[in-house]
Every structure is written in C-alpha cells, then in structure tokens.
Amino acid sequence: MKITVTSQTSVKAPNDVQAIFPGVTKLDDGSLFMIFVAGSDFESSDQHLYKARSTDQGKSWTVEGMLYDYAKLGFAEPFTDCAKPTNLGNGNLIAAGYGFLRDRPDMGLSDYAEKFGRFPKNLNAVLFSHDNGKSWTMPEFIKHKYDGLELSGPVLKSASGKLLFFAAPFVLSAEQHRGLTFCSEDGGKTWKEISDFFASPNVAPWEVRSIQLPCGRIVLVIWAYDLKNQCHLPNHLVWSDDDGKTWSKPINTGLRGQASNLFMYKGKLGVLQARREGPKPGICLSLVELKDDGVIVLDEAYAWDAAGLANKQGNIETQFAALKFGQPSMTQIDDTHYVLFFWNCTDGTYRVQSWCLEIGD
C-alpha cells in the first residue's frame with residue numbers, strides 16, 4: 001500500500017484558539033461537514049463545539065461558528081462537550097457525544113481526575129440538524145443509569161435503519177469495565193441499552209469506533225487500556241452479525257494504536273491508528289483480514305510520521321494531559337482518494353488537520 005498526501009490544510013477556530021477532536025460526515029451533495037472542539041487550551045473550561053464545511057473535498061474549510069448557544073443551557077458551571085456528526089440523509093444530521101460540568105473551571109480534566117480519582121459530572125447528549133448542519137437543536141440529554149458514558153465516536157446508521165452507538169462508562173476504576181451498545185429506533189429521540197460488546201475486570205474499552213461492512217457485519221475497534229497495570233494494550237476488534245444484539249469475543253489485533261478508527265479500501269477492512277508508543281509514532285493505515293481467532297495484517301503504510309511525539313510515561317491522567325496528536329478518521333471520496341482528519345500539537349498550538357490522500361497498491 002502506498003500513500004501520497006496531495007494537500008494539507010488546518011481548520012482554524014475563530015480568534016486562532018486551540019482546536020481538537022474533529023468529526024466529519026459526508027453530506028448528500030458530496031460536501032463535507034465537520035464538528036470540532038475549540039478553546040484556549042487542550043482541556044480548558046472555555047471549550048465549545050464549532051462547525052465547519054468544505055465544498056472542495058477537504059482542501060479548504062469555512063468555519064461557520066459555534067454549534068449552538070451555550071448561554072441557553074442554564075447550567076451554573078461551564079459545560080464543555082465534544083460530539084461527532086452522522087448524516088442520516090435528506091438534510092438530516094445527528095451529532096452524539098458527552099460533556100462535563102466544570103465545577104473546578106480552573107483545573108484541566110486530567111488534573112481534576114488525578115486529584116479526585118474521577119472526572120467531573122458527565123452528561124451524554126444528541127443534537128439534530130434538519131438543514132445539512134447549518135442550524136442545530138440544543139443538546140437533548142440521554143437518559144441512562146450510568147454516571148456518564150465515553151460516547152466519543154459517531155452514531156452508526158445500520159443497514160436496517162436503526163441507530164447505534166457504542167460507549168464505556170466514564171470511570172477510572174470499577175469492578176467490571178464494560179462496553180455498551182445502545183440502539184434507537186425512532187431517529188435518535190430515545191435510546192435503549194441492548195448488549196455488552198466488551199467486559200473485563202481490568203481493561204477499559206475506550207474511544208470505540210464502528211463500521212458496517214457490505215455483508216452487514218458491524219465491526220468495532222477498541223483502544224484497550226489496562227487500568228490495573230497502567231499500560232496500553234493493542235487495539236481489539238469485536239463484531240456483530242445481528243445489529244449489535246450479540247458480539248464476538250474480543251480479538252487482539254497486535255496493532256499498537258490508540259483512538260483508532262476503521263475504513264474500507266477496495267473491499268478490505270482497514271484500521272486507522274494513532275500510534276503514540278514504540279519506535280515510530282504516527283498515523284498508520286493497516287489492511288486486515290478478520291478470523292474467528294485473530295487478525296491477519298495484509299498490508300500497512302504510514303500517512304504521517306510523528307517523530308518526537310511519542311507518549312510520555314506515567315499514569316493515564318498524566319498521559320492524557322500530554323498527548324500531542326490523535327483521533328484520526330477518514331472520509332472516502334472515491335476508490336483511491338480519501339480525506340484524513342486528526343488533531344496535532346506543534347510548538348504548543350493545537351490544530352485540526354485535513355489531509356487529502358491518494359492510496360495505491
């Protein structure tokens with residue numbers, strides 16, 4: 001596999017503040033719509049969601065302002081959130097995610113977690129647009145029995161028409177760490193927990209991303225982190241052949257990615273990884289073949305060599321605060337052209353990146 005970067009651009013927030021966590025969906029007319037997080041610093045309490053649009057396949061972007069009016073939330077504390085969009089068709093979009101009520105706005109989230117052993121109060125929400133992302137509803141908070149879910153990936157619209165999301169309870173310690181499947185059959189208005197896709201006494205399934213294969217199989221990629229031993233494990237994959245009701249056992253891919261994603265290339269499944277450990281950090285694309293007892297890596301190549309940006313050592317809270325790049329995703333333009341999205345930090349400045357790729361054999 002050979003990757004050629006044909007263009008690179010950064011998506012800048014108003015007032016040139018820090019920008020991270022892009023989520024992108026392709027609209028019916030072929031244009032691209034993005035939601036990203038921007039604020040004065042990586043974990044600052046003044047972060048808000050912004051929207052942007054590209055009509056030239058990711059080569060340039062127009063930032064269209066905040067996603068919604070935060071003053072209308074009515075919270076006493078600042079609310080910082082992140083969300084990823086999904087195109088439902090006919091001008092309708094849904095964005096899903098999570099946010100924190102910042103009862104200590106002077107502290108970053110990692111500092112808060114290290115001091116108190118937990119994150120601030122966490123809420124999950126969905127938002128809707130009926131005009132291709134130009135305007136959005138206020139957040140509609142999801143009712144569930146958990147203190148909060150790390151709903152960091154976009155909603156999956158399955159071939160059956162159901163909406164699904166996949167998330168782990170947002171905790172740093174638990175007797176059992178779980179990965180949960182939620183389903184909506186009314187367009188995202190109400191959600192029901194339908195299954196566990198992962199369970200472990202020590203390992204947390206973070207940053208889950210999903211894809212549905214042409215055969216109907218739903219595949220999830222998991223950033224597996226061993227909280228007991230404070231170490232990163234290789235990405236794990238699980239899959240479902242019945243719309244998320246039941247799942248395969250987790251398969252260790254051997255791929256050392258974090259906050260990874262999934263894509264298709266010429267009928268093959270790919271794992272898009274932010275490799276932040278080991279001798280060669282960067283963003284790597286691996287084509288894989290699923291087996292019941294493992295994964296065969298067919299081919300791989302780097303889209304970006306992030307020399308010098310490896311993870312810092314220490315507990316996970318310290319690592320979170322020191323991250324220099326992450327959350328890669330790709331939107332397919334045609335058989336060989338894609339747009340790669342991620343965030344990175346250079347000289348203390350965080351930027352959302354939009355890179356056009358040509359992929360060849």
Side-chain angles (χ1 to χ4, degrees), residues 5-42 44 46-70 79-89 91-99 125-139 152-155 209 259 261 263 272 274 283 303-304 325-333 337-346 349-357:
V5 180
T6 58
S7 72
Q8 303 177 21
T9 189
S10 296
V11 182
K12 295 184 179 181
N15 303 319
D16 205 31
V17 297
Q18 315 272 17
I20 52 175
F21 300 165
V24 177
T25 191
K26 183 190 286 187
L27 302 180
D28 293 350
D29 64 1
S31 62
L32 305 178
F33 178 81
M34 176 187 292
I35 296 175
F36 64 96
V37 175
S40 61
D41 208 346
F42 182 65
S44 59
D46 60 0
Q47 290 179 330
H48 296 306
L49 290 176
Y50 283 80
K51 53 186 176 178
R53 195 178 308 267
S54 173
T55 57
D56 57 5
Q57 300 178 340
K59 298 180 183 66
S60 65
W61 291 84
T62 300
V63 177
E64 299 178 341
M66 286 187 194
L67 199 67
Y68 64 91
D69 185 354
Y70 283 75
F79 181 68
T80 59
D81 52 349
C82 58
K84 304 289 193 298
T86 300
N87 181 16
L88 301 181
N92 297 303
L93 283 73
I94 185 172
Y98 63 89
V126 291
L127 306 93
F128 299 92
S129 172
H130 305 294
D131 54 9
N132 281 311
K134 295 175 185 175
S135 63
W136 288 80
T137 66
M138 293 294 291
S152 60
V155 166
R209 300 293 188 270
N261 220 309
F263 66 97
L272 174 66
I283 294 179
W304 180 49
F325 67 97
Q327 284 201 4
S329 64
M330 288 205 309
T331 296
Q332 187 169 3
I333 303 301
H337 293 88
Y338 295 75
V339 187
L340 168 68
F341 305 96
F342 62 101
W343 63 267
N344 72 335
C345 179
T346 303
T349 301
Y350 295 84
R351 288 284 180 263
V352 167
Q353 302 295 329
S354 174
W355 289 15
C356 297
L357 308 181

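The shown structure was predicted, so the numbers you read here are calculated from the model rather than taken from an experiment.
When every heavy atom of Gly39 is checked against every heavy atom of Val17, the shortest pair comes out as O-CB, 3.3 Å. In terms of heavy atoms, Phe36 sits closest to Ala13 at CE1-CB, 3.9 Å. In plain terms, the two heavy atoms of Ile35 and Ala95 that are nearest each other are CD1-CB, 3.7 Å. Heavy atoms only, all atoms of each residue included: Gly326 and Phe342 are closest at O-CB, 3.5 Å. Closest non-hydrogen pair, Gly133 versus Ser129, comes out as N-OG, 2.8 Å.
Legend: salt bridge (charged side-chain N to carboxylate O under 4.0 Å, His left out) pairs involving residues 51-67, not counting sequence neighbours, sorted by first then second residue: Arg53-Glu64.
Formation of a donor-acceptor pair under 3.5 Å by the Asp131 side chain with backbone atoms of Lys134 is found in this model. Judged by distance alone, the side chain of Tyr70 and the main-chain N or O of Leu49 form a donor-acceptor pair under 3.5 Å. Put simply, the side chain of Thr137 gets close to the backbone of Phe128: a donor and an acceptor are under 3.5 Å apart. In terms of modelled atom types and a separation under 3.5 Å, the side chain of Lys26 and the main chain of Gln332 share a donor-acceptor contact. Remark: the backbone N or O of Ser60 is paired with a side-chain donor or acceptor of Ser54 at under 3.5 angstrom.
Applying the salt bridge (Lys or Arg N to Asp or Glu O under 4.0 Å) test to Asp29 and every residue at least two apart in sequence or in another chain returns nothing. Thr9 is linked by a side chain to side chain contact (heavy atoms under 4.5 Å, CB included) to Trp61, Ser354, counting only residues two or more places apart in sequence or in another chain.
Atom CD1 of Ile94 sits about 10.0 Å away from atom CG of Asn92, to the nearest 0.5 Å. Atom NE2 of residue His130 and atom OG of residue Ser135 lie 8.5 Å apart, to the nearest 0.5 angstrom. Annotation: the span from His48 atom NE2 to Phe79 atom CZ amounts to 11.0 Å, rounded to 0.5 Å. Rounding to the nearest 0.5 angstrom, the gap separating the OH atom in Tyr98 from the SG atom in Cys82 is 3.5 Å.
Taking 4.5 Å as the limit, some side-chain heavy atom of Thr25 sits within range of a side-chain heavy atom of Leu93. Residues Ile283 and Leu272 have side chains in contact (heavy-atom distance under 4.5 Å, counting atoms from C-beta outward). Annotation: side chain of Val11 is not in contact with side chain of Phe341 (no heavy-atom distance under 4.5 Å). In this structure, the side chains of Val24 and Val339 stay at 4.5 Å or more apart for every pair of heavy atoms. Looking at heavy atoms from C-beta onward, Trp304 lies out of side-chain contact with Pro328 at the 4.5 angstrom threshold. By the 4.5 Å heavy-atom criterion applied to side chains, Leu127 and Tyr68 are counted as neighbours. Between Asn344 and Tyr350 there is no side-chain heavy-atom pair separated by less than 4.5 Å. The shortest side-chain heavy-atom distance between Leu357 and Thr6 does not fall under the 4.5 Å cut-off.
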Leu27/Leu32 under side-chain contact (heavy atoms from CB on, under 4.5 Å): CA gap, chis, key distance, verdict
CA-CA 6 Å; Leu27 302 180; Leu32 305 178; over 6 Å; no
Under the side-chain contact (heavy atoms from CB on, under 4.5 Å) rule, what do Trp355 and Tyr338 come out as? Steps first, then yes or no, please.
CA-CA 8 Å; Trp355 289 15; Tyr338 295 75; over 6 Å; no
Between Met66 and Asp69, is the side-chain contact (heavy atoms from CB on, under 4.5 Å) condition met? List the steps.
CA-CA 7 Å; Met66 286 187 194; Asp69 185 354; over 6 Å; no
Given the rule in the side-chain contact (heavy atoms from CB on, under 4.5 Å) test, do Ile20 and Phe42 qualify, once you have shown the distances and angles that lead to the verdict?
CA-CA 8 Å; Ile20 52 175; Phe42 182 65; 3.9 Å; yes
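The number of heavy atoms from other shown groups lying within 6.0 Å of NZ (Lys12) does not exceed 12. Within 6.0 Å of CG in Asp16 there are more than 12 heavy atoms belonging to other residues, nucleotides or ligands.
Relative ring orientation between Trp343 and Phe21 is described as perpendicular, the plane-to-plane angle rising above 60° on a 0-90° scale split at 30° and 60°.
With no hydrogens or angles considered, a side-chain donor-acceptor pair links Gln327 and Lys84 at under 3.5 Å. A side-chain N or O of Ser152 and one of Arg209 form a donor-acceptor pair less than 3.5 Å apart. Asp46 and Ser40 form a side-chain donor-acceptor contact under 3.5 Å, judged by distance and modelled atom types alone.
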